[in-house]
Protein chains: 2
Amino acid sequence: MRSMTVPAGYAAVSASERRFLPPAVAVSTVAFALQPPAEARIGDPATGESRPWAQAAAAGDDAVTLWIPLVRRTRPPFADCWALPGGPIPWDETLVDTALRTLRAAVRRAPGYLEQLYSFGAVERSADAQRLVTIAYWALYGEDELAGAAEPVAAMADPGASDDPHPAAGDPGSDPNVAWFSADRLPPLAFDHAEIVAYALSRLRLKTEYSAVAHRFLGETFTLAQLRAVTEAIRGHAVDPANFRRQSLAQGYLIDTGETQTGARHRPARLYRFRLRTEHPNEGIAS
Amino acid sequence: MRSMTVPAGYAAVSASERRFLPPAVAVSTVAFALQPPAEARIGDPATGESRPWAQAAAAGDDAVTLWIPLVRRTRPPFADCWALPGGPIPWDETLVDTALRTLRAAVRRAPGYLEQLYSFGAVERSADAQRLVTIAYWALYGEDELAGAAEPVAAMADPGASDDPHPAAGDPGSDPNVAWFSADRLPPLAFDHAEIVAYALSRLRLKTEYSAVAHRFLGETFTLAQLRAVTEAIRGHAVDPANFRRQSLAQGYLIDTGETQTGARHRPARLYRFRLRTEHPNEGIAS
DNA sequence: GCAAAAGTGTTACAGGTACACCCATGC
DNA sequence: GCATGGGTGTACCTGTAACACTTTTGC
């Protein structure tokens, strides 16, 4: 069992001359999902250890907490510390493509949504090391994105945290350096990634207030009860089913598929599909 | 008269090996004001020429359009092109401090508000040159900020656009390389700064919908008519005075100073002061 | 007095909330 | 039948838009 030491931080880097290098730029992504994928490992926030998740509930659809994938760093600074998926920006790749590539390398799936969050570049982040500017993104994984098999590792770019690439080791599905954590029970994070996660969480909640993002956690078709459960999980309080129905339908973004969901011991619920619409410029995955 | 040539762009840079350097990071700021400062130069969007602004209306308070300060680049790429105030990030300076310093170097005043906007890093920005990532800020100058005398140039950092510093020349108040332009009549801009300005404008309008930023264009005390005029200028449509009064006062952010504004040929208007409140984290000038 | 803008009152409407009630299914 | 959640109807509350009206100044 790997012991979880105090983060080594920048003090471990004996390269004070790095202070005079230009700032390094990296992309980091906070990804949210209602459930880790089937083959994923889950992390223990106390020990920092990760183990495979023997998924018990197969059809259970209890949307309760949010999960976030993290990557364990293998090099200083912050070696052995968990960090957000990300990495440096190659010269021929857009910011959003870097976020996508590094996220896919860690989760081995493409997210259902991706949007720029904020850029962090405080000075204290880099007391002794090279200055690091982090452009943070946030992403969502829906049921559909997590349902299929994981992508092969192949010649994929490394999921290494932030600015410190390392070769991805291990066979698909059991990389001990990638694990999912419950959003409210995270281990100590490298750099200022804890601050980034907190900011992403507040933005996610804010966004569900005036925008329609809850559906992205679900599959292509869903019942209004499922959509409401997701909304309640994010907002943190109960929502009146009757009013939620009317307001959701009045928005015009939900399309009745005509199909219904059977099997439950009550009246079958109608299945809806979300209507594709053009996103705001500089937002969404097509940024 | 300096002729306005087609932007030289990156083609003028014969350094294709720059492609393999790490991305450069710069901060650029879109600053808004209702009026250029008294000693400022105004720019002609057609010729690119700037000339001192003999301010005619002294007490005129007609809030009609928004003004933006720009800096003329003196070096390639985009030499002779106008660009947003900004510059590279020193290793010991936070992002917001870099934005503040470069903005003060150009406007020679501190803004009344400053907030991060978005980070731009598309690949096509840097076809032949070094990759450039721009972290954009937007700022507001109120009456008070622009009222006093300009700060001395001193040992101030250079206002040079984006990633290409150059020594600031000229005496205070007549630097021909800094000029204010009307926000809807801008000259061709360097890099993708036109896109950044457009995004900043849309965010400014959006922000006045659900937030209180209009007051930052004004001095410490103001009448409701002034605040309404600013709101109308930003929103682009008329607002009912009676309803605006009630809604503004109901917010609880306005404090009646007890004083009134005399001199106009109608009933004197009460003067209000804006109530200081804690801003959202990662927003505002104290980011 | 007259014009102009400050400031108040009132009504109508739209959207959200709360909650009573009916409907359709599994057991 | 009965429990359970899907789905509908409706009264109430609140914030906003529209606009008539009064008040107070300068000329």
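Below, each value reflects all heavy atoms present in this structure, side chains not excepted, and no hydrogens, waters or symmetry copies. In what follows, every chain begins at residue 1, and chains take the letters A, B, ... in the order their sequences are listed.
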Quick test: give all pairs of protein nitrogen or oxygen and nucleotides 8-15 of chain D nitrogen or oxygen below 3.5 Å, distance rounded to 0.1 Å.
{"unit_1": "D/dG9", "atom_1": "N7", "unit_2": "A/R246", "atom_2": "NH1", "d": "3.1"}
{"unit_1": "D/dG9", "atom_1": "O6", "unit_2": "A/R246", "atom_2": "NH1", "d": "3.4"}
{"unit_1": "D/dG9", "atom_1": "O6", "unit_2": "A/R246", "atom_2": "NH2", "d": "3.0"}
{"unit_1": "D/dT10", "atom_1": "O4", "unit_2": "A/R246", "atom_2": "NH2", "d": "3.3"}

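- Ring geometry, B/F222 versus B/H215: the interplanar angle falls from 30° to 60°, so the pair is classed tilted.
- One atom, CG of A/L224, and another, P of D/dG7, lie 7 Å apart when rounded to the nearest Å.
- Just one residue in the list A/I196, A/L117, A/V197 forms a side-chain contact (heavy atoms from CB on, under 4.5 Å) with A/W138, and that residue is A/L117.
- The backbone N or O of A/L271 sits nowhere less than 3.5 Å from a side-chain atom of A/T223 that would complete a donor-acceptor pair.
- Applying the salt bridge (Lys or Arg N to Asp or Glu O under 4.0 Å) test to pairs two or more places apart or on separate chains, those with a residue in residues 247-271 of chain B are B/D256-B/R270.
- For the residue pair A/S119 / B/S119, a side-chain donor-acceptor distance below 3.5 Å is found, with atom types taken as modelled.
- Checking A/D44, A/L186, A/I42 one by one against A/F181, the side-chain contact (heavy atoms from CB on, under 4.5 Å) holds for a single residue, A/L186.
- Put simply, chain A comes within 4.0 Å of DNA chain C, heavy atom to any atom, from C/dG16 to C/dG26, going 5' to 3'.
- Under a 4.0 Å N-O distance rule, the pair B/R109/B/E39 qualifies as a salt bridge.
- A/Y199 and A/Y118 have their aromatic ring centers within a separation under 6.0 angstrom.
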